[in-house]
> 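For reference, the structure I am asking about is given below.
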2 protein chains.
Amino acid sequence: MPIRVAIIEDDHDIRQLMQLIIDGSPGFACKQAFEDCKTGVPVLVEAAPDVVLMDIDLPEMSGITGVAWLKEKLPEVPVVMLTVHEDNEAVFDSLCAGAVGYLVKGLPPVQLLQAIEEAHHGGSPMSPAIARKVVRSFQPQVANPLSGRENEVLTLLCQGENYRTIATALFVSSNTVKAHIKNIYEKLQVHNRAQAVGKALKHRFVK
Amino acid sequence: MPIRVAIIEDDHDIRQLMQLIIDGSPGFACKQAFEDCKTGVPVLVEAAPDVVLMDIDLPEMSGITGVAWLKEKLPEVPVVMLTVHEDNEAVFDSLCAGAVGYLVKGLPPVQLLQAIEEAHHGGSPMSPAIARKVVRSFQPQVANPLSGRENEVLTLLCQGENYRTIATALFVSSNTVKAHIKNIYEKLQVHNRAQAVGKALKHRFVK
DNA sequence: CCCAAAACCACCCAAACGGGTAATTGCAAC
DNA sequence: GTTGCAATTACCCGTTTGGGTGGTTTTGGG
């Protein structure tokens, strides 16, 4: 039984070319190709294909909204995004919306098929530069300017502890904790806990 | 000029096998293989190889600590982790520590070499299951229990705004904001802003 | 049509917070 | 050997917050 692939891509030529490549390859089938989400998603919800290829730059409803819509209805179907510009913030928005992969357009046919197969078998095909981008997002983006003690305080701050609790946890006085927090706010350029926690988590100063 | 690969792997047989595979392949060279980080890292800091393969389960100093140490000295050198069990929390710790890739051991030689090449050319080779794990980490882990308005409030809360500012931003009274926040705390089972922001960001209720 | 949830608003009060100022100690770098 | 940062503690004061209790109106689904 072949892998049933569906395509949502607004460019007529690219859409037909991909469909031909996929449908003409043994082990693959592509009977459904749409030019936008509005027409494609409702059909796919009924058809439940094995893999969906979705252009990210779609007119009307973007691929990001599309993947979110599709995920809502078919949470188990892997959606792979297609893009022309691989250096985009849309990568993360797509992944957050539920895409499992992210490929640049114009991939050689063999690699396209490999990617589809990988997506279908529990993998996450990504173009090298995109994979690196994703991985790098786990690493601290900026240098942590805080001292050792300040980081300890920040960790407890992120857990929602108050002056008194942090103080007893670190065996110091509440006033000391307060002083540390004041210094943390200055170094992170924030003015309250919520902002400090936000910055700490976004920059991965604490895990 | 071949890609100069270094290995840190405690199992003697695996180490030698990989070294033979790599060093015996055209376009690749592996002149350095170590059994632990303590001996390996200082040498590598001087040698500055093109790619490092690092076992994650090392005696004494774990590969996670090792990659952090290496990154500190050679931030530009890509480190690829090697593992036996691919379903581990150590994946994320490694990536946070600076690894660019994550492979299961016992990969066919051709794929190992492909992965090394990919790492060297700005990619992030990952075994399919691991890549999927990484991608899935971008998606909300649990269902968001909040209402539309509550999410709006939460977003502003995460930016460190206070009752009054949120109130004017949403064209409602401070008391209403307070009521929303109270409900948010209940639904998220937290008791203050720091915890709410922490939970919201970790579960990706806000971006 | 009704009911539950969402969204809205108000008041009280104690506790927690943020900002300011000021001081001592120790250690490391220059 | 002094200069600077980290870590520690203290006090004052006005603002903000969280918890409690009460209520109205709007809205969407059964």
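Quick caveat: nothing in here was measured; it's all calculated off a predicted structure. Scope of the values below: all heavy atoms of this structure, side chains included, with no hydrogens, waters or symmetry mates.
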> Which sits closer to the 5' end of DNA chain C, A:Ile181 or B:Ser174, going by the nucleotide each is nearest to?
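Going by which nucleotide is closer to the 5' end, it is B:Ser174.
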> In terms of heavy-atom contacts, does NZ of B:Lys187 have more than 12 from other residues, nucleotides or ligands at under 6.0 Å?
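Buried by this count: over 12 neighbours within 6.0 Å.
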> Check this one for me: any side-chain N or O of B:Tyr163 less than 4.0 Å away from OP1 or OP2 of D:dT15?
no
> With a 4.0 Å cut-off on heavy atoms, is B:Asn162 in touch with a base, just the backbone sugar-phosphate, or nothing at all?
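Sugar-phosphate contact only - B:Asn162 comes under 4.0 Å of backbone atoms but never of a base.
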> Could you check whether B:Asp55 pairs with B:Arg15 (Lys NZ or Arg NE/NH1/NH2 to Asp/Glu carboxylate O, under 4.0 Å)?
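Salt bridge flag = no for B:Arg15 with B:Asp55.
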> Starting at atom CG of B:Leu170, determine the distance to atom C1' of C:dA6, rounded to an integer number of angstrom.
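Rounded to the whole Å, the gap is 14 Å.
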> Considering only side-chain heavy atoms of B:Arg164, which listed nucleotide, D:dT16, D:dG20, D:dA10, is closest?
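Nearest to the side-chain atoms of B:Arg164, counting from C-beta on, is D:dT16.
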> So does B:His180 get a side-chain nitrogen or oxygen closer than 4.0 Å to the phosphate oxygens (OP1/OP2) of C:dA7?
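Indeed not, no polar side-chain atom of B:His180 lies that close.
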> Counting distance only, does the side-chain N/O of B:Arg204 pair as donor-acceptor with the main-chain N or O of B:Ser137 below 3.5 Å?
yes
> Taking only side-chain N and O atoms of A:Arg193, does any of them lie within less than 4.0 angstrom of OP1 or OP2 on C:dG18?
yes
> Parallel under 30°, tilted from 30 to 60°, perpendicular over 60°: which one fits the rings of A:Phe138 and B:Phe138?
perpendicular
> From the list D:dG18, D:dT9, C:dT21, which nucleotide is the closest neighbour of the side chain of A:Lys182?
C:dT21
> Identify which nucleotide among C:dA7, C:dA10, D:dA6 has an atom closest to any side-chain atom of A:Lys187, counting heavy atoms from C-beta outward.
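Among the listed nucleotides, the one closest to the side chain of A:Lys187 is D:dA6.
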> Looking at B:Ser127, B:Ser94, B:Ser124, which hits side-chain contact (heavy atoms from CB on, under 4.5 Å) with B:Tyr102?
B:Ser94
> In whole angstrom, give the distance that lies between atom CD1 of B:Ile166 and atom P of D:dT16.
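To the nearest whole Å, that distance equals 13 Å.
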> How close or far is atom P of C:dA14 from atom NE2 of B:His191, stated in whole angstroms?
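One finds 22 Å between P of C:dA14 and NE2 of B:His191, rounded.
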> If the cut-off is 4.0 Å, is B:Thr176 near the phosphate of C:dC9, judged by side-chain N/O to OP1 or OP2?
yes
> May I have the distance from A:Leu157 (atom CG) to C:dA16 (atom P), rounded to whole angstrom?
15 Å
> Let me know the distance between CG of A:Leu188 and C1' of C:dG18, rounded to the nearest Å.
15 Å
> Rounded to the nearest Å, what distance is computed from the CZ atom of residue B:Phe171 to the C1' atom of nucleotide C:dC9?
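In whole Å, C:dC9 C1' lies 18 Å from B:Phe171 CZ.
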> Using a heavy-atom cut-off of 4.0 Å across all strands, would you classify B:Asn192 as base, sugar-phosphate, or nothing?
sugar-phosphate
> Looking at A:Lys178, I'd like to know whether one of its side-chain N or O atoms comes within less than 4.0 Å of OP1 or OP2 on D:dC12.
no
> From the set D:dT8, C:dA7, D:dC11, return the single nucleotide nearest to any side-chain atom of A:Arg149.
D:dT8
> Measure from CG on B:Asn175 to P on C:dA10 and round the result to the nearest Å.
6 Å
> If I take atom CD1 in residue B:Ile184 and atom P in nucleotide C:dA7, what distance separates them, rounded to the nearest angstrom?
10 Å
